Amino acid sequence: MKHFFLFMVLTFVCLFQAAAQNRTVSGRVTDRANGQGLPGVGVIVKGTTIGTSTNVDGAYSLSVPASATTLSFQFIGYTTIEQPIRAGAVNVALAPDAKQLGEVVVTGALGLQRQEREVGYATATLDSKEVTQARPTNFVSGLAGKVSGLQIQTLNNGVNATPRVTLRGTRSLLGNNEALIVIDGVITTNEVLGALNPDDIASTTVLKGANAAALYGSQASNGALIITTKKGQAGSSQVTFSHTSQFESISFLPKFQTEFGPGSPDWYTNSTQAKQGIFFKPDGTPDRNYDYQYQGFENQQYGPRFDGSLQPFGYTLPDGTVQKLTYVSRPDEKTKFFNTGYQAQNGVSFSGGDEKTKFFASYQNIHNNGIVPKDVFDRNSFRFNASREIGRLTVGFNVSYINRKSDVTSNLDQSTSVYWNVFNTSVMAPLTSYKDYTNNPFATSDYGYYNAYYYNPYFIIDYNRLRDKRNTLQGDINASFRVRDWLRLQYRLGTTSTNQQSLTTQNKFTLASNSIKQISPYPGFYRDLSSDLTRVNSDLFLSADKTFGNFNIKGILGNNVQTLQSRYTYTASTALAVPAATELINLSNRIGNLDGDSRRFQTRLYAFYADLTLGYKDFFFLHGSARNDNVSVLAVGNNSFVYPGVDASLVFSNIIPALRDASFLDYGKIRGGYTKVSQINLNGAVFLPNGQQAGVTESGGAFQLAPTYNNGGGFPFGSVPSFTANGGLVQQNLVPEETRSTEAGIELSFLKRAVGLSATYYNQRSNNQTIPTTIPYSTGYQTLLLNAGEVKNEGYEIDLNLTPIRTQNGLTVSVGANFNYNNNQVVSLPAASGGILTLGGSGGTDATSLVAVPGMAYPQIQGTFYQRVNDPSSPANGMVKLTKVTDPNDASLVRYVPLRDPGLKLFGNTQPKYKYGFNANISYRGLTLDAQAELRTGYVIYNAIGSDLDFTGGGARSAQYGRADFAYPNSAIPVTDASGNVTSYTPNAGADPVYTNGHISSYTPRTGGVLTPGGSEFWANTTTWNRGISENYVTSGTFFKIRQVQLGYAIPASIASKIGLIKGASIAVFGRNVFTWVPKENIYTDPEFSATSAGSNAVGINTFLQTPPTKFYGASLNVTL
Amino acid sequence: MNTFSKVLVAAVLTGLASSCKSFLDVNTNPNFATSVTPPQLLANAETVTAANYTSYNAYGSYAASYWGKSNAVSGYNEERTYNYSSTYYQGLWSNTYDNIQDYQLIQTSAMASSYPNHAAIARIMKVYNFLLLVDEYGDIPYTNANQGLANTSPTFDKQQDIYKDLVVQLKGAVTDINNATKATKPAGEDVIFGGDMSKWKAFANSLRLRILLRESSTSDATLNAYVKTEMALLNSPDGGFITTDVLVQPNYAANSGQQNPFYNTYGFAVGTTNVTSTYRFTLPTTYYLNLNLNQQDARLTQQYKRDSTTAFVRYTGAIPGEKSSPDPTISSTMLVGGEFLRSASQPTPLMLLAEHLFSKSEAEFRGLLSGDAQSDYTNGIRASFQTAFRTSTSSSSAATVAPTTQSEAYLAANAGNGLVDWTATTTLQTDAYGNITSGTRTVSTLEKIITQKWLAEVVWSSIEGWDDFRRTRLPNIPISLQAATTQFPARLFYPQTELNTNAANVPAGITQYTKLFWAQ
């Protein structure tokens, strides 16, 4: 903080100095095409070095000497215009210049800027407006679909979700694959980027692969997002206010059945009672002994078909009453349970400065009420940055403080998951009438709420809370000294520091002793986790830029130091002594010992790097870089490594002037490069003893080489301590993973920039994967961490931008598309892993897991499947084999069920092979309509929720045959010989439905057709027949989403300037995720969702812990003073 | 301001100039110990053995028909059909080898020579654990096991050879203890005997008897001669035999992770007053209940609840593999506060005195040992009553086997019943589930001993009951109604984890019906 105050003082001193100047010229620069303000336009007094650039709305203000006569307005991609200085505003409108595309500035490694034509690797630069116009609270989610090769995957919903960010597939089997995040030159985390005020971000450069990011060192193998925040502008100071209101609603829920009520009667279909038409207990009381099909207290929904009769719902209360409801479906209750979320964003920013001093300050508040009742999130973001030129020295600082607070349902497991308990609720239940579980006798947990096995979701919400507070400080101080005109020495010291306090509580609930409910009580607990993570990043480098005749040399020589410090303290109780309100639950109210844990981590790194770009004229550029990393987390001898990279760029349109002047080709460039990057993939995620992620704590890979001895389970017992050898061994001489990346690309622009095309081919091979292999337990240990295995990623990226209409009257229509094909393949795995590596699992009855298998893309879904006839000569070839079962109610009935194969099968990769992004923009004067969509395909997902829905009987899948005994589709009947052995299979000829009152009531088998039991015995309760078979719930992951649509209107500069007080104003209405299309077979949820813990690559299995997908609508207002 | 930049640059360079090597020297783990002494490993190793033994007994309780499942749960398919798989109870393998590793480290650590008593305990406990493994899996990695990085694909040793070596190790351990009288003795970290090395010698001797008796019933003449010779050495062993139940008591308490493992699984989770779901899944078998009821066995009153809806002395149990099993809310689940669920702080037995005495009685009766078979038999019954009526916190039943009212009443009430009375040779005829039919049948002395032993081993030592059944086919426990074949299983499959990682060495062609060398 000492530094902070020093710079504050410095800044104010500088502000006073700025007051003494000559006359001031101001005005606004607009885009001739649409009348919008153009930010970043250079405004220079002709013949001098005095200048400034325009602010976000195109306005500028410049102090000019009395002698000045002309201003020059320069902006890359636009024709330079000169205007005489006169009294009053000097406003200009710039027209695009088709010939200068290669001069787009790219912010590369270390925040150094390069012209696009110089770079030999793929990058993409996004203006902040493109990302934030649909007002996402998390900047990262606004990036989805905008850049080829960049994949933003929102793993879960929620008031404060952190999406996963990957570039060009995944390289490391078990290590980190997420893109490096760099904010203003300081390495930070995705989590912090998501917390920033999106309005503070000026631009984002995506460095798509290791080639571009190599200078950042070992984390760069995954590519990088280089974020530049807004800075103050020279000229008149400016204040911006913005407000956004948006609404969130569920975009889709799984398909639920609406025909059947509660009950769990295996083999009821052909029972004597069913044949007599008896489905309900005749005396109208609850059927405690499970004698009939209808049980009003059942969580499973395999009861009789709704018939409108009056039935008891739930158990009889102690006072003898029982709730009676008409036996009908109430399908809207689940949707009505969830709220319409409301979110307000309010922001203000203040910027100003002169040529030498610039500053920017902003504040934003976000208040978010989620779709789950009582979920609340608040974020306050502050930013202040300033810089000052003092002769040849420029010093500055940039600091952002973010405070986040959330209060949500804890959603830890089945008994605390809101979503599970909502979709588990019978479609008969008037769910929303059970909100008042204290006063409504039919909603209480002891006796009332109808479900004998699960809690009232409203009760769950109140009893299980997670309250989380995070404070993040992100910023840097920097100094730049111009040693010579061509030589600059820069130093930047940055930090990202987050501390988190997370309080998970559960109120105690003990079931009344005379209650006949079967729910597990809540022991209640208090879990207090405080964690922090501080990264410090120091960069000292010399950069040179000198031209000798036709040659230009740009060089960088630098030193980088990084440190990470992280820790957590966890204090918890196992059980509460007495119930208490959430706010009043504390540690003294407990039974048993305090449960606690504390860990701390530290890593350090120092590196030296050199980077050299040789340019010949304006068309050939050769670039090479090398970096030497020295890290603390590997053993001496293996902890220092060098990685080199080289690339080249040839702007062929600049070689031959004739080509350049040809009307159809504006710009053409080919490029290629090769880079090797080492990545240390020692697991950074830290978990608490209870298996949950330890807040923001990261180990950075520290302390993983030496074996450890943990406390034995339960120890110390009293005064006796004891330890046990950890089950993990580590290979001697562990080295980093190594990614060798090759890429080549072409960039073309045609027809006066009406058509822009760029394409890249890349190939990345990552070997020396760091993998904890399973070793025989008879060695006394369980895992061995070793270097082995290789992963390959190969793919194409294509970006196409068309501007078919650009008229003089200001109408511009542009459309764009981007495409990425990524083929990821596991080349080899360590022999010890048994040829397969498990990344994660569903934890369900079907043993579905995510694995890596040599020769295939990863992660692959592996799971159980049905046996099929494998005999090309048989008419039944490929059909599911059936086996005969006996209906215990009627042994004369012949019934068949599908056979589960004892083995496991691979169902496909869970990361999209093909990703398409689309955008369209129409602008006419101040009016813009912008839409953006995304299509991902070429992968599968596993919907664990499908198995759960079949278990509860709430899903449409379990009712597809009307719960009647049905003909299993594409199945084959066994043919047996005299001794009962199966000799062959014949196709099941199927059956025809019999309708009663418009419903399927039974099936009549055709000749050669057999039936499969259609009640709970099949769908829910015999796992080997249906629910335990993974293949039933694997669906295509394909989706098409309209990510955002926005209609905005900016008051033209001419009108705004007349109003006087207001410099500019704009209003917009927008929607996000407004439309999602998924294939018919996916009746479950958003295929992007996955129950993946942070940092894990086990993506592709969604569960009931993710709430349903949502869409947003809202409006925003921006005023600039 | 130029000065400022110079200071800044100078400060950075100074920082860098300080030795780069020491800058990176921050990778020492502050969170966990990276080396430990043998005493620091012992208490946990012993406690884990107790927890693992609880899991072996859970398997044994179903396999040896002590338990059946209730209707509160579906599943338990392997228990009902004997269709075992390579994942069924595979945790026994991994947990036992993991536990042996800690004993191995006590024995082989750099400081082992300073702690010869600890090393001797580790040697005995390794035998205890390897015996559990070999009795469920037959051939297992033994000589090459627990070598860590030195051997990551251990070969399998023959079960007969392992058996022989276990005896050698136990004799060696007794010698080690004799040679280490002046060395540091364990104290609180020995949560079995509190460092009383004479008790460890006795335990080693009783374990030797358990091993030798188990391999004594084969038709292999060479083996029988070997057993005879080795048994003779146990007539007056150095250190004697155990005189109380061998119990692990690390000071279990009603705290998370500190509860008695049986109580934690089958009783109550920490801080809850409602029983665990596992509690409701488990019922005694009708056969077990009837055997007790026929003998008016007071131990039963300490073990299972009476049927709450029917008259006194009505107990409802399960029949293994029955189609619709009983409802736990109205049948004989475990008695809360009784023998099995006395409290969260009850000790875990590793060897029951009753089991030892019945083993000794059998060896004496068969002429393998000299001694009074009848006296050991009767004392075995008394010891079992001591165990059943043990109060909540006492870590041993009694210093000597004192007769109690209940055991004497039991003996008196069953005078003439061949399943209890040493001198009687007949008992009432029963059906397969122990219901008295009509007439009488003869009872061999071996059946008498093994039946009483089976009764004594309920829950705490069920796996020994299962081992005795596989050796003697006694008592006549009922086979599951849903048994896939007419056979009882004979062993567990090799675990999937070992098949995945050590396939080249895992013996092929083994099924759950492949008998061990000592089995009938």
Side-chain angles (χ1 to χ4, degrees), chain A residues 390-391 393 479 481 489 491 510-511 520-521 523 538 540 559 561 574-576 591-593 595 599-600 602-604 606 630-633 639 702-703 705-710 712-715 717-725 727 729 774-782 784 832 834 1021, chain B residues 1-2 5 8-9 12 16 20 23-27 29-34 36 40-44 47-48 74 93-94 97-98 100-102 104-105 140-141 145-149 151-154 188-189 191 250-251 254-258 269-274 277 497-498 500-502:
Chain A
I390 307 143
L393 179 71
F481 184 72
L489 180 68
Y491 182 68
T510 310
L511 197 62
S520 310
S538 151
L540 174 68
N559 161 263
V561 178
T574 321
L576 295 187
I591 300 169
N593 282 352
D595 197 0
R599 291 191 204 173
R600 51 196 196 276
Q602 184 176 23
T603 70
R604 286 177 178 172
Y606 67 87
N630 299 274
V631 298
S632 67
V633 297
N639 65 347
F703 322 136
L705 302 181
T708 57
Y709 296 85
N710 297 11
F715 279 92
F717 277 90
S719 58
V720 179
S722 193
F723 303 89
T724 180
L729 293 170
T774 309
I775 53 173
Y777 289 7
S778 52
T779 58
Y781 295 86
Q782 289 91 54
L784 170 62
N1021 295 339
Chain B
M1 277 300 155
N2 251 336
S5 70
L8 192 69
V9 170
V12 171
L16 286 175
C20 285
F23 180 75
L24 294 184
D25 196 13
V26 292
N27 208 32
N29 197 329
N31 301 315
F32 296 107
T34 48
V36 288
Q40 289 175 317
L41 285 168
L42 187 61
N44 175 66
T47 308
V48 171
S74 54
W93 176 282
S94 45
Y97 274 109
D98 188 39
I100 290 172
Q101 185 61 26
D102 283 338
Q104 176 85 352
L105 289 169
I140 54 166
N146 294 90
Q147 307 288 316
L149 273 179
N151 188 342
T152 53
S153 46
E189 73 267 23
V191 297
N251 290 321
N255 289 319
S256 169
Q258 295 193 325
V270 176
T272 59
T273 50
N274 300 72
S277 48
T497 50
E498 202 73 12
N500 288 347
T501 53
N502 199 13

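Numbered from 1 within each chain, the chains take letters A, B, ... in sequence-line order. Note that the structure is predicted; figures quoted are calculated from it, not measured.
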Heavy-atom contact with chain A under 4.5 Å, split by part of [X]:
X        : value
B:Thr47  : side chain
B:Ile140 : neither
B:Ala43  : both
B:Thr497 : side chain
B:Ile100 : neither
B:Asn31  : side chain
B:Pro250 : both

Could you grab the distance from atom [atom1] of [X] to atom [atom2] of [Y], nearest 0.5 Å is fine?
X        : Y        : atom1 : atom2 : result
B:Asn146 : B:Asp98  : CG    : CG    : 9.0 Å
B:Gln40  : A:Phe715 : CD    : CZ    : 12.0 Å
A:Phe703 : A:Thr603 : CZ    : OG1   : 8.5 Å
A:Leu540 : A:Leu489 : CG    : CG    : 5.5 Å
B:Leu41  : B:Gln101 : CG    : CD    : 10.0 Å

Taking [Y]'s backbone N and O only, do any of them form a donor-acceptor pair with [X]'s side chain (distance below 3.5 Å, no angle check)?
X        : Y        : answer
B:Asp102 : B:Leu42  : no
B:Glu498 : A:Pro776 : no
A:Tyr606 : B:Phe23  : no
A:Arg604 : A:Ser632 : no

Highest number of heavy-atom pairs under 4.5 Å with chain B: which of [options]?
options                                : result
A:Leu576, A:Thr574, A:Asn593           : A:Asn593
A:Gly391, A:Gly713, A:Pro521           : A:Pro521
A:Pro523, A:Ala706, A:Pro707           : A:Pro707
A:Thr510, A:Asp595, A:Asn630           : A:Asn630
A:Gly727, A:Ser719, A:Ala702, A:Gly712 : A:Gly712
A:Arg600, A:Gln782, A:Gln602           : A:Arg600

When only pairs under 4.5 Å are counted, which of [options] shares the most heavy-atom pairs with chain A?
options                                : value
B:Ser277, B:Ala254, B:Ala145, B:Gly148 : B:Gly148
B:Asn251, B:Leu105, B:Val191, B:Val36  : B:Val36
B:Gln258, B:Gln147, B:Glu189           : B:Gln258
B:Asn255, B:Thr152, B:Leu149           : B:Asn255

Would you mind checking which part of A:Asn1021 comes under 4.5 Å of any heavy atom in chain B, side chain (CB onward), backbone (N, CA, C, O), both or neither?
neither

Looking at side-chain heavy atoms only, is the closest gap between A:Ile775 and A:Leu729 below 4.5 Å?
yes

Working for side chain to side chain contact (heavy atoms under 4.5 Å, CB included), residues B:Thr34 and A:Tyr709
CA-CA 6 Å; B:Thr34 48; A:Tyr709 296 85; 5.6 Å; no

